[in-house]
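Here the structure is a predicted model, which means the values were calculated and not measured. Side chains are part of it too, since the values below use all heavy atoms of this structure and drop only hydrogens, waters and symmetry mates.
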Amino acid sequence: MSGFPDDIPFFDEDEPAPTPPAAQKPSGIAARAMAARTGGPDTRYLDALNPEQRLAVETTEGPVLVLAGAGTGKTRVLTTRIAHILASGRAYPSQILAVTFTNKAAREMKVRIGTLVGEAIEGMPWLGTFHSIGVKILRKHAELAGLKSSFTILDTDDQIRLIKQIIQAEGLDDKRWPPRQFAQMIDGWKNKGLAPKEIPEGDARAFANGKGRELYTAYQNRLKTLNAVDFGDLLCHPIRILRDHPDVLADYHRRFKYILVDEYQDTNTAQYMWLRLLAQRPRSTEPVNICCVGDDDQSIYGWRGAEVDNILRFEKDFPGAAVIRLERNYRSTKHILGAASHLIANNEGRLGKTLFTEHSDPDDPKVKVHAAWDSEEEARAVGEEIEALQSKGHALNDIAILVRASFQMREFEDRFVTLGLNYRVIGGPRFYERLEIRDAMAYFRIVAQAADDLAFERIVNVPKRGLGEASVRQIHDVSRMREATLLQAARDLVGTEEMKPKPRASLRTLVENIERWQSMLDRTPHTELAEMILEESGYTEMWKNDRSAEAPGRLENLKELIRSMEEYESLRGFLEHVALVMDAERHEELDAVSLMTLHSAKGLEFPTVFLPGWEEGLFPHQRALDEGGRSGLEEERRLAYVGLTRAKKNLHLWFASNRRIHGLWQSTIPSRFLDELPEAHVDVAEESNSYGGYSVGQPGRPNPYGKSRFDDQSVFSNSYATPGWQRAQKNRTDATARNWGNRSGHQVERIGYGEADSGYGAGRGSVKGRVIEGELVARSVSEKPSTFKVGDRVFHMKFGNGNVSAIEGNKLTIDFDKAGQKRVLEGFVKPA
DNA sequence: CCGTGGGGGGTCTAG
DNA sequence: CCCCCCACGG
């Protein structure tokens, strides 16, 4: 039995009242509208806009594409546009569909619309992320997807465990066919909106000896019996429902008078299909009032299926669309904008925008480029710089460090801990991904949704109650035999003699507890119930008895969990929230440096920004280059652009000549992106003392060069002429050349992070002049026909013999007899 | 049934 | 290097 009543009204409570907005209770917009009765409509909110922004706000009818560069007031336009639609009486709040990508963006929009129009935001039920709106649609029409409206949303962890079970059930070796990899494939298919029967034959064959499609089907079936969906389904199910049920679609067409999309450049194919379905009006000449806002230069989610193409072809998709460019930047100095614009100009395939600022101060500092010996040095120097700023009264809240990869954060954290400098990690290990939170949530889930077998499995022996693998298998057997949920199976099992007395008694207690909690669900305040569950299950007890260092923190987190439940009206609402959201705890009041990845920095701004790790292989990231070729490089460049444009005033770029990657110290080359910065806006910083702190050949850190290449740098002043810089340049060119050499057929392979030769090792051979990176990477995606074909028997130096199972450009997917499935470059295999 | 240690593999990045 | 998984022994 589901714990959720199926008749909760999530949908109809927001039907517009039969009276026009101006006649509603005099609050919020209505108040404004009424106040305006005497003298025309109150449109003071328009006064804060520049002409382009104002055009974007007032062009309410028909399709509109707003190309909004970084810092040009994109959010202001979106929120003001909504406010304008509301205040001018064009639509009710519930008739506006506004989608964002992140919960943070959705939250921010709600707040800002709130300040514009008053407190009427309760009535914006369709403002949210693609996923949260997907949930809403799916809950309403769950039965059309073969689900009950109480379905649970699995997170990545659950998803992988489920896939693992399915792979094992097929009798396959989950070592050879990693569930994780398959989960990514499924994700990829769902990003394209593909059901099992729609996936390309090649894809289907690429996994588990051709069982890809079968496994995908089995996975979907399993989800259905679990009454569960994964993230991808939150888009795919609604698409199918809207596509297959014209009456339902027509309903939404009537409902949504205006559609707004934030970050349109990040939409994937499924999201695009979803939007098209809702925006298209087949039997009507009425214009489609869709407004997409985005910036092709800030498209940084290609790796998870985003199609920049969606924004590039907007005008084709929506004929007669108005395209409005916002290029007036309010955020950054001219140096920062100059650097960013110059860098991004290296990309092809842009819609083209040039940011400018009218604000210019001769005292504005140029962008500074710094060199460090290694990553520890980098962290130390940045720490010192921040301390210096702090002592000059600079708020830590105004400082951010943006890294390419999360492993870079650790050194900064370590450093800040020793310095006693406050910092906060944004988007770090997420609150709800923590062990104790996931456990607690599993308890809540099984109570709210009895069919949630994954939740049951997770907690059946947590805390330890003597129900080990043997008992769990017994429960599983019964469940399969009776086609019942694990909980039902467990209930059946305790009534028999099949289990030994001890596990049976403890299973009985558990089942009875769960049933009792379930029966209380509707009549007990949910926070109270949640506390009760954690107490009576022995879960909090378990951590109280745990003497490890983390235990107190975990208890604290559990308290925090209960506390955060108070904001929600029911356990159900809360579970949904957690499945979709739950960013880490925010301590806004604390003055602290922000530490995050470049990806999570999009949309933010800080007066002072540090961008460490500008080295080849890290930024641009090797994997992006290997897997994405030229377009991968361009995406990395856009990421760099995003990073640069986060800064308002002070911008510091760093590279370290040595970095530890998976435990090994490797020497590195400055990022090619540093070369793409305009000298007019950049200073190479002279470090007064940052090299004094380490000594050459310090224990535990062998110095491959004997003497630091930067030892004598400080003799020279700010210029690209320092020997360190020049040597770094030379080093870079040489090594790029070596990579080039390698790629055309020598030892290097970069499958995962393994032991593969870094490619930056001993030099050999050289190519004169500067290697143009575009051509270098373009090779790996060239579509020239492979010399191999599917089914060929091949030999690889490292992995041995195998069969080609898929070909993509010059990359082959090969099922090796011993090593399993790998993707390798064609140059590394020869016919067997 | 549960804890430990060896071995192998590998997280860039949302929801 | 670090984490996860599995085999093994108590």
> Between A:W303 and B:dT13, do the rings stack, that is, sit under 5.5 Å apart with planes less than 30° off each other?
Replying inline: yes
> Are A:H599 and the base of B:dC12 stacked, counting only ring centres nearer than 5.5 Å and planes tilted under 30°?
Replying inline: no
Just how far, in rounded Å, is [atom2] of [N] from [atom1] of [X]?
X	N	atom1	atom2	answer
A:R304	B:dT11	CZ	C1'	15 Å
A:F231	B:dG15	CZ	C1'	5 Å
A:R638	B:dT13	CZ	C1'	14 Å
A:Q265	B:dA14	CD	C1'	14 Å
A:Q271	B:dG15	CD	P	12 Å
A:E263	B:dG15	CD	P	12 Å
A:E635	B:dC12	CD	C1'	11 Å
A:Q184	B:dT13	CD	P	13 Å

>> Please determine whether ring pair (Phe, Tyr, Trp, His ring centres under 6.0 Å) holds for the pair A:W303 and A:Y301, giving the CA-CA distance in whole Å, both sets of side-chain angles, and the decisive distance to 0.1 Å.
In response: CA-CA 5 Å; A:W303 52 270; A:Y301 286 110; 5.7 Å; yes
>> In whole Å, measure the gap between the P atoms of B:dT13 and C:dC4 for me.
In response: 15 Å
Who are the salt bridge (Lys or Arg N to Asp or Glu O under 4.0 Å) partners of [X], not counting sequence neighbours?
X	answer
A:D262	A:K74
A:R638	A:E635
A:K164	A:D174

>> Let me confirm one number: the CG-CD1 distance from A:D230 to A:I186, rounded to the nearest 0.5 Å.
In response: 7.0 Å
>> I'd like to compare against my own output: the B/S/- annotation of nucleotides 1-10 of chain C with a strict under-4.0 Å heavy-atom distance to protein.
In response: SS---S----
>> Strictly under 4.0 angstrom, non-hydrogen atoms only: write out the protein contact profile of nucleotides 1-8 of chain B, one letter per nucleotide from the 5' end, B, S or -.
In response: SSS-----
>> My understanding is that only residues two or more places apart in sequence, or in another chain, count here; which of them pass ring-ring contact (aromatic ring centres under 6.0 Å, His included) with A:H237?
In response: none
>> From C-beta outward on A:R180, which listed nucleotide comes closest to its side chain: B:dG15, B:dT13, B:dT11?
In response: B:dT11
> Of the nucleotides B:dC12, B:dT11, B:dG15, which one has an atom closest to the side chain of A:R404?
Replying inline: B:dC12
>> Using a 3.5 Å distance criterion without hydrogens, assess whether the side chain of A:H599 forms a donor-acceptor pair with backbone atoms of A:I300.
In response: yes
>> Given the ring of A:F151, does A:R139 sit roughly above its face, with NZ or CZ under 6.0 Å from the centre of the six-membered ring and within 45° of the axis?
In response: yes
> Yes or no on ring pair (Phe, Tyr, Trp, His ring centres under 6.0 Å) for A:F182 and A:W177, after CA distance, side-chain angles and deciding distance?
Replying inline: CA-CA 8 Å; A:F182 195 62; A:W177 307 107; 9.8 Å; no
